[in-house]
There are 2 protein chains.
Amino acid sequence: MKQTGKFSLALHTLGHMALDPTRPRTSEELAAMHGTHPVVVRRVLGPLRAAGILLSEKGHGGGWRLARPAEAVTLEEIYRALDEPFLTPIAFAPAPGHPCAIEAAMAGTVAAALTEAEAVIARHFAARSLADIARALPPAGSTGAAPGQNCQVSASPAPDSPL
Amino acid sequence: MKQTGKFSLALHTLGHMALDPTRPRTSEELAAMHGTHPVVVRRVLGPLRAAGILLSEKGHGGGWRLARPAEAVTLEEIYRALDEPFLTPIAFAPAPGHPCAIEAAMAGTVAAALTEAEAVIARHFAARSLADIARALPPAGSTGAAPGQNCQVSASPAPDSPL
DNA sequence: TATCACGCAACTTATATAGTTACATGAAGC
DNA sequence: GCTTCATGTAACTATATAAGTTGCGTGATA
């Protein structure tokens, strides 16, 4: 994950699971898809398991699976579970013992704008499920990757790699 | 500036200038108001000068002044001039030579949500001028600071201070 | 000409995120 | 039972960004 953020990793990997929910994916597999480290994948997906969106199993044949059908998982749930708001928690930090009516008024106006924007984002994500995204995928080949075979990592682990 | 951000510093200092546009303020004065360093103030206000919102003058009696009446400065202008978007530039960074239709679809959905939210914020700020904020200030004393004397720094430079 | 204040570059520090390593736990297969 | 596989978690390192700081140059005023 090269300065990418939790949300993009989550959407990317959950998207793959939604498109083919039958088999579980290992952290290693998902990490290779996204170009990051397996531990990072576990760190990001952990909260989604806690939120009841994913299941994880250890041992042979283990890995990550959707806990529910893709139709029943909205982007907003994912967004909330990750607790990584897009909106910079604008930092009006009035110095302690240093009250200022002007600063307070500015902070209020900014907070109002951010609250509005947050609501817009939440509404947008709440209206979209993982299945919606998967359904809207372009047909095979039009983006250089087949829909069922995107990020074909496990298919070709690079012949020169010792793995 | 304790992890505060450029925007809060800008709004705070411009708010003071809007409330009393007659005299210029030095970087040092503004820095003391906001609890930061004069150089930081210059760094933040510089782009506002470039945007035609502020004027700065050197030498005796110099400092920062509004380039226009407070009625003619919207918060949106300030927001844009600072180039510090509230919305985390969500980083879907598809690895080069690693196209993935799923990732692309997710990125598109997120981008749409962020674009909507940006518009909401811009509209909110565009509807408010510095004068609007100043006008809405509570009467003296209700917040522990008089409207014309908020952040009373220059008034009492602390008797024990050699400044 | 001395002082004041901005302009700017460079350096230091602080913080957050990502990446990595190491080890423990639990499940499946032999 | 033992080995292998996979997650769970803690701890450490590396890197990027923002803030804070120092120093020096420039222009304007007294």
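Here is the naming used below: chain letters follow the sequence lines, and residue numbers restart at 1 for every chain.
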Any side-chain heavy-atom pair of B:F86 and A:V110 under 4.5 Å: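 SC-SC contact between B:F86 and A:V110 confirmed.
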Heavy-atom side-chain proximity of B:I78 to B:L130 below 4.5 angstrom: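 Yes, side chains in contact.
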Just the table, please: protein N/O against nucleotides 2-4 of chain D N/O, every pair under 3.5 Å.
residue, atom, partner, partner atom, Å
D:dT4, O2, A:H60, NE2, 3.0

Side-chain ion pair, A:E29 and A:R23, N-O less than 4.0 Å: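 Here A:E29 pairs with A:R23 in a salt bridge, since their nearest N and O are under 4.0 Å apart.
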A:M33, A:H34, A:H16 screened by side-chain contact (heavy atoms from CB on, under 4.5 Å) with B:C100, the one that passes: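 Testing each of A:M33, A:H34, A:H16 against B:C100, the sole residue satisfying side-chain contact (heavy atoms from CB on, under 4.5 Å) is A:H16.
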Mind calculating the distance between [atom1] ([X]) and [atom2] ([N]) to the nearest angstrom?
X	N	atom1	atom2	answer
B:L55	C:dA5	CG	C1'	15 Å
A:F7	C:dA18	CZ	P	14 Å
A:H37	D:dT15	NE2	P	15 Å
A:E29	D:dC5	CD	P	15 Å
A:L9	C:dT17	CG	P	15 Å
A:K6	C:dA16	NZ	C1'	11 Å
A:H34	C:dT17	NE2	C1'	13 Å

Parallel, tilted or perpendicular: ring planes of B:F7 versus B:F125, cut at 30 and 60 degrees: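 Taking B:F125 first and then B:F7, their aromatic rings sit tilted (interplane angle of 30° to 60°).
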Residue pairs fulfilling salt bridge (charged side-chain N to carboxylate O under 4.0 Å, His left out) with at least one residue in residues 34-60 of chain A, sequence neighbours excluded: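 For residues 34-60 of chain A, and leaving out neighbouring residues, the salt bridge (charged side-chain N to carboxylate O under 4.0 Å, His left out) pairs sorted by first residue read A:E57-A:R65.
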Donor-acceptor pair, side chain of B:K6 and main chain of B:V44, under 3.5 angstrom: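 No, because the side chain of B:K6 does not come within donor-acceptor range (under 3.5 Å) of the backbone of B:V44.
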Check the interface with nucleotides 7-11 of chain D: list each N/O to N/O pair with the protein under 3.5 Å, or write none.
residue, atom, partner, partner atom, Å
D:dT7, OP1, A:S27, N, 2.7
D:dT7, OP1, A:S27, OG, 3.1
D:dT7, OP1, A:W64, NE1, 3.4
D:dT7, OP2, A:S27, N, 3.3
D:dT7, OP2, A:S27, OG, 3.2
D:dT7, OP2, A:R42, NH2, 3.3
D:dT7, O3', A:S56, OG, 3.4
D:dG8, OP1, A:R49, NE, 3.1
D:dG8, OP1, A:R49, NH2, 3.0
D:dG8, OP1, A:S56, OG, 3.0
D:dG8, OP2, A:R49, NH2, 3.3
D:dA11, N6, A:R43, NH1, 3.2

